[in-house]
Visitor: 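Have a look at the structure that comes next, please.
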2 protein chains.
Amino acid sequence: MPCHDSPDLEKLDLITVLRALADPIRLDIVQRLYGLGEANCAALIGSRPKSSMSHHFQVLRESGILHTRIEGVQHHNSLRLQELEARFPGLMASILGNIEAGQLRRQTSS
Amino acid sequence: MPCHDSPDLEKLDLITVLRALADPIRLDIVQRLYGLGEANCAALIGSRPKSSMSHHFQVLRESGILHTRIEGVQHHNSLRLQELEARFPGLMASILGNIEAGQLRRQTSS
DNA sequence: TCCATAGTTCGACAACGATCGAACCATAGA
DNA sequence: TCTATGGTTCGATCGTTGTCGAACTATGGA
């Protein structure tokens, strides 16, 4: 099962994780991925250039937030929720919880 | 009781907060402030130039993370933990929890 | 009134990060 | 073997952010 290397649990750095999350596009990717469970890049891109998105996926991978499983041509991405919870307890829950609240706000205010 | 303006609770933005936290110096300020409760700038600066630190305090204030109460010449800073908890439940707890774990690691690995 | 203290503002510079086109690579299918 | 697909890599550009000295402001004390 080929895949991109993901950093070890103990090497995850809080600053790096926060920086990775502190970008609207990447936070959006994380949000969608949480809803989808697993998705290839195309499903998360929208209309942006591939090179831009590849950059954001790289940042998310290197920070340890997501894992990429390569299957043929497709790259299947998923959040490393369990590892993140073990390393930074409560962090992703608070981020994703707020995302859910944000979605709710947007839905009900239209 | 003069003070710097702090943004309203509902105006706090997750991206902005994450960006403010995703800097080593600012995360360190937040860490110390959590331990101290309230402190003036001098107690949090270390040996860095005042203008640099003033910048970081500004970022933390504008993101809504800290509140500055002005008393005479001194500026007393404190984390807005209650507001942050109300707006982004669990976020600061996870950040500060990890900081505590980080301190522990540093202390025991020396 | 003069000076020290505590912090802000300004301006310049450097470093970093986001963006995106173009070229590239690997796999799958015809 | 040829081509399409799904992503990566490279390199350039550009806006943002961190850094820091110098000047400035405001308060309090002598």
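Every chain is numbered from 1, with letters handed out A, B, ... down the list of sequences.
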Visitor: Starting from P on D:dT9, measure out to CD on A:Gln58 and report it in whole angstrom.
Guide: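 Whole-Å distance recorded here is 6 Å.
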Visitor: Does B:Arg61 put a side-chain nitrogen or oxygen below 4.0 Å from OP1 or OP2 of C:dT8?
Guide: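 Looking at the OP1 and OP2 atoms of C:dT8, one of them is under 4.0 Å from a side-chain N or O of B:Arg61.
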Visitor: With DNA chain C as reference, determine whether A:Val73 or A:Asp23 sits nearer its 5' end, using the nearest nucleotide of each.
Guide: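 Counting from the 5' end, the first nearest nucleotide belongs to A:Asp23.
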Visitor: Is A:Arg26 reaching over with its side chain to a backbone N or O of A:Ala20, donor-acceptor style, under 3.5 angstrom?
Guide: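 Flag set: sc A:Arg26 to bb A:Ala20 pair under 3.5 Å.
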Visitor: The side chain of A:Ser52 is closest to which nucleotide in this list: D:dG7, C:dG7, C:dC20?
Guide: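 So the side chain of A:Ser52 is nearest to C:dC20.
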Visitor: Please give, in whole Å, the distance from C:dT27 P to A:Glu71 CD?
Guide: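 The distance from CD of A:Glu71 to P of C:dT27 comes to 13 Å, rounded to the nearest Å.
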Visitor: When the distance from NE2 of B:His76 to P of D:dT27 is rounded to whole Å, what number comes out?
Guide: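 Taking atom P of D:dT27 as the reference, NE2 of B:His76 is at 14 Å.
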Visitor: Kindly point out which of C:dG7, D:dG18, D:dG21 is positioned nearest to the side chain of B:His56?
Guide: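 For the B:His56 side chain, the nearest candidate turns out to be D:dG18.
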Visitor: Answer yes or no: does a side-chain N or O of B:Arg69 lie under 4.0 Å from OP1 or OP2 of C:dG7?
Guide: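 Indeed not, no polar side-chain atom of B:Arg69 lies that close.
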Visitor: Counting N and O atoms only, with roles assigned by atom type, does the side chain of A:Gln31 sit under 3.5 Å from a partner on the main chain of A:Leu96, one being a donor and the other an acceptor?
Guide: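 Such a contact is absent between A:Gln31 side chain and A:Leu96 backbone.
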Visitor: As a test of understanding, state which of B:Ile29, B:Asp28, B:Ile25 forms a side-chain contact (heavy atoms from CB on, under 4.5 Å) with B:Leu44.
Guide: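 Of the listed residues B:Ile29, B:Asp28, B:Ile25, the side-chain contact (heavy atoms from CB on, under 4.5 Å) partner of B:Leu44 is B:Ile29.
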Visitor: Taking the minimum atom-to-atom distance to the side chain of B:Pro49, which one of C:dA6, C:dT19, D:dC20 wins?
Guide: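 For the B:Pro49 side chain, the nearest candidate turns out to be D:dC20.
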Visitor: Please report, rounded to the nearest Å, how far the P atom of D:dT16 is from the CD atom of B:Glu62.
Guide: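 These atoms are roughly 15 Å apart.
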Visitor: Between the base of C:dG21 and the side chain of A:Ser51, is one N or O donor paired with an acceptor at under 3.5 angstrom?
Guide: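 Indeed there is one.
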Visitor: Looking at A:Arg26, does any N or O in its side chain come under 4.0 Å of the phosphate oxygens OP1/OP2 on C:dA18?
Guide: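 True: A:Arg26 side-chain N/O within range (under 4.0 Å) of C:dA18 OP1/OP2.
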Visitor: Could you tell me whether A:His75 contacts a base, only the sugar-phosphate backbone, or nothing, with contacts defined as non-hydrogen atoms closer than 4.0 Å?
Guide: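 It contacts sugar-phosphate atoms only.
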Visitor: D:dG18 C1' sits how many Å from B:Arg48 CZ, rounded?
Guide: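 Going from B:Arg48 (CZ) to D:dG18 (C1'), I get 11 Å.
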Visitor: Report the residue from A:Gln74, A:His75, A:Glu38 that forms a side chain to side chain donor-acceptor pair (under 3.5 Å) with A:Arg69.
Guide: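 Answer after filtering A:Gln74, A:His75, A:Glu38: A:Glu38.
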Visitor: Taking the side chain of A:Ala42 as its heavy atoms from C-beta onward, which of C:dT8, D:dG18, D:dG7 lies nearest to it?
Guide: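 Closest of the options to the side chain of A:Ala42: D:dG7.
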Visitor: Just wondering, are more than 12 heavy atoms of other shown residues or ligands nearer than 6.0 Å to CD in A:Gln82?
Guide: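 Atom CD in A:Gln82 is not packed in, count stays at 12 or less.
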Visitor: Separation of A:Arg19 atom CZ from C:dC16 atom P, in whole Å?
Guide: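 These atoms are roughly 10 Å apart.
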